[in-house]
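Atoms within a ligand are numbered from 1 in the order they appear, just like the ligands themselves. By convention here, the first residue in the shown sequence is residue 1. Computed over heavy atoms, backbone and side chain alike; hydrogens, waters and symmetry mates excluded.
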Amino acid sequence: MNFCITGAFGYSGSYLSRIILGEGHNVKTLTNNPALGHPLKKSIQSLKFEFNHPDKMVDFIKGSDTFINNYWVRFNHKKFNHHEAVENSFMLIDSARKAGVERFIQISITNPSLESNLEYFKGKAEIEEYLINSGLSYCILRPTVLFGREDVLINNISWFIRNFPAMGVFGDGSYKIQPVYVEDLARLSFEKSFDTENEILNAVGAETYTYKELIRLIMKTINQEKPIVNLNPTIGFYLGWIVSFLKKDVTITKPEIEGLMSGLLAVDTEPPCPTSFSEWIMENKETLGKKYVNELNKRNY
Ligand SMILES: NC(=O)c1ccc[n+]([C@@H]2O[C@H](COP(=O)([O-])OP(=O)(O)OC[C@H]3O[C@@H](n4cnc5c(N)ncnc54)[C@H](OP(=O)(O)O)[C@@H]3O)[C@@H](O)[C@H]2O)c1
């Protein structure tokens, strides 16, 4: 089978492309970085996103049976923003349809809503709605926070724990979080490519924690047990902002804190993704959080 995916050299995309190639199928990719020196580069034909010339993307996608879309931006920034990412995602859906793709897999987020005041969750809901009305056969997968070796969020929480005498949680830390292993999400996207029915599925992991429990678990596992302090979220944001300033990065945003504290990163449906977060961090405890991962550097900004 022929796959076209976004971001094959990125975080979840590289897991996905390894699975597709490993199962004997073909992959091509749309990416910001076709020239990236990546181990998979030789096996994957790539084209830079051409949002100003969608016809080029249509030509490139032609011949693909399935399109898997993980394209998105984490926050608003002077160089990128959610509004543009929504428009670009509509264009990817249109391009796939015009290219004759049979199945579209969309990576979304848990609890998206057209009524949300959080652009991340509203934008993802708008993309879902657009796909549902596109006439394409679809599967929408809604993951929570991903964990994996190349991860930013869980890694940087661990980095904070390692490098500060105490760890803050926003508010009382009682809101839930249900991390999912990046490879499980990739495997699910691959498997759902072979179905034909339309489906929306929460792609969540098997373990749910309160945020405070998650912090405590990471501390215990990496042998860094320290006091956990309940922080006013605004103060928590500004402490994160100081680190962002020093690291020339965006460590955490106000909407991310709001989404987390509203419990949007957990659901109460059956978890299809089996990898245990606690076992995974145990296996990776030596490296987890040893180095800060800079989101903006990763994107060459
Ligand atoms: N990471 C998480 O914890 C998490 C949690 C919930 C949901 N998700 C969803 O899962 C999907 C994959 O996440 P991921 O972390 O694996 O993403 P990723 O690899 O960082 O990026 C996925 C795609 O989006 C593009 N992209 C990302 N940030 C961009 C930016 N600032 N400007 C322009 N393009 C950008 C990437 O570009 P390149 O082609 O240059 O790589 C790639 O094509 C996303 O749709 C995300 O919303 C992720």
Side-chain angles (χ1 to χ4, degrees), residues 4-18 27-36 38 40-41 44 46-51 57 67-89 91-92 105-112 118-128 131 140-157 177-186 188-189 201-205 214 249-250 252-253 255-256 259-260 264-267 273 277 293-301:
C4 184
I5 73 174
T6 50
F9 310 129
Y11 178 27
S12 54
S14 58
Y15 282 83
L16 176 60
S17 41
R18 274 193 294 269
V27 195
K28 51 168 93 161
T29 191
L30 287 162
T31 170
N32 291 293
N33 270 315
L36 201 73
H38 191 277
L40 295 173
K41 173 107 183 82
I44 300 177
S46 53
L47 178 77
K48 193 168 167 48
F49 288 115
E50 289 278 1
F51 294 118
M57 295 202 286
F67 192 98
I68 304 182
N69 181 32
N70 71 3
Y71 168 80
W72 188 237
V73 303
R74 208 188 103 197
F75 44 76
N76 288 329
H77 182 264
K78 59 186 178 215
K79 300 248 168 113
F80 51 85
N81 60 67
H82 291 311
H83 175 71
E84 217 172 77
V86 170
E87 296 294 318
N88 291 344
S89 303
M91 218 180 289
L92 290 172
I105 313 291
Q106 169 66 19
I107 310 301
S108 189
I109 185 77
T110 44
N111 299 303
L118 301 172
E119 278 189 73
Y120 192 119
F121 292 83
K122 185 166 190 272
K124 287 286 194 179
E126 287 168 349
I127 299 165
E128 289 191 4
L131 175 59
I140 293 167
L141 295 175
R142 295 174 169 170
T144 48
V145 168
L146 307 182
F147 62 90
R149 288 235 168 88
E150 307 77 1
D151 164 67
V152 175
L153 294 174
I154 300 289
N155 180 77
N156 287 352
I157 290 174
I177 181 162
Q178 195 171 1
V180 56
Y181 184 42
V182 60
E183 191 170 349
D184 288 353
L185 173 65
L188 198 57
S189 329
L201 182 65
N202 287 319
V204 293
L214 181 110
D249 191 22
V250 176
I252 188 98
T253 66
E256 284 175 333
L260 177 66
L264 296 178
L265 296 179
V267 291
C273 298
F277 176 70
V293 179
N294 189 311
E295 172 93 33
L296 293 181
N297 279 358
K298 239 173 85 167
R299 310 227 61 84
N300 299 321
Y301 288 120

Should the pair F75 and F80 be assigned to parallel (<30°), tilted (30 to 60°) or perpendicular (>60°) ring geometry? tilted
At under 4.0 Å between heavy atoms, which part of T110 makes contact with ligand 1: side chain, backbone, both or neither? neither
Decide whether the shortest distance between a heavy atom of P143 and an atom of ligand 1 is less than 4.0 Å. yes
I'd like to know if the side chain of T110 reaches the main chain of R142, judged simply by a donor and an acceptor atom lying under 3.5 Å from each other, with no hydrogens or angles considered. no
Contact check, F49 vs ligand 1, heavy-atom distance below 4.0 Å: yes
Look at the side chain of N111 and the backbone N and O of A266, then say whether any donor-acceptor pair between them is shorter than 3.5 Å. yes
Below 4.0 angstrom from a heavy atom of T144, which ligand 1 atoms are there? Numbered from 1 as shown, please. 4 (C), 5 (C), 6 (C)
Test your reading of the structure: does R74 have an N or O sitting under 3.5 Å from an N or O of ligand 1? no
State the atoms of ligand 1, each with its element, that fall below the 4.0 Å cut-off from a heavy-atom position in T31. 38 (P), 39 (O), 40 (O)
Any donor-acceptor N/O pair, K28 side chain to S46 backbone, under 3.5 Å: no
Residue F80 vicinity, atoms of ligand 1 by number, heavy atom under 4.0 Å: 31 (N)
Which of the numbered atoms in ligand 1 are under 4.0 angstrom from any heavy atom belonging to I109? 6 (C), 7 (C)
May I ask you to decide if T144's main-chain N or O and Q178's side chain share a donor-acceptor pair within less than 3.5 Å? no
Would you confirm whether E84, through its side chain, and N81, through its main-chain N or O, come within 3.5 Å as a donor-acceptor pair? no
Any heavy atom of F9 closer to ligand 1 than 4.0 angstrom? no
Is a donor on one side and an acceptor on the other found under 3.5 Å between the side chain of N76 and the backbone of H82? yes
Out of W72, Y15, Y120, F75, who is nearest to atom 26 (N) of ligand 1 when you count heavy atoms only? W72
A side-chain contact here means heavy atoms from C-beta on lying under 4.5 Å apart; do L146 and S12 qualify? yes
Number the atoms of ligand 1 from 1 as they appear, then name those within less than 4.0 Å of a heavy atom of G7, with their elements. 39 (O), 42 (C), 43 (O)
Residues in side chain to side chain donor-acceptor pair (under 3.5 Å) contact with R149, at least two apart in sequence or another chain: N284
Which atoms from ligand 1 have a heavy atom of Y71 less than 4.0 Å away? 23 (C), 24 (O), 25 (C), 34 (N)
Under 4.0 Å to a heavy atom of Y11 - the qualifying atoms of ligand 1, by number: 15 (O), 16 (O), 19 (O)
I'd like to check whether N32 has a polar contact with ligand 1, where a contact means an N/O of the residue lying under 3.5 Å from an N/O of the ligand. yes
Residue list, ring pair (Phe, Tyr, Trp, His ring centres under 6.0 Å) with F49, at least two apart or on another chain: F51, Y71
Hey, does the side chain of N156 reach the backbone of V293 with a donor-acceptor pair shorter than 3.5 angstrom? yes
Backbone, side chain, both or neither: what part of I107 comes under 4.0 angstrom of ligand 1, heavy atoms only? both
Check: G13 N/O within less than 3.5 Å of ligand 1 N/O: no
Would you mind running through ligand 1 and noting each atom that sits below 4.0 Å from a heavy atom of S12? 12 (C), 13 (O), 14 (P), 16 (O)
Measuring from the heavy atoms of S108, does anything fall under 4.0 Å of ligand 1? yes
Close approach, K124 and ligand 1, non-hydrogen under 4.0 angstrom: yes
Quick check: does any side chain N or O of T6 sit under 3.5 Å from a backbone N or O of L30, one acting as donor and the other as acceptor? no
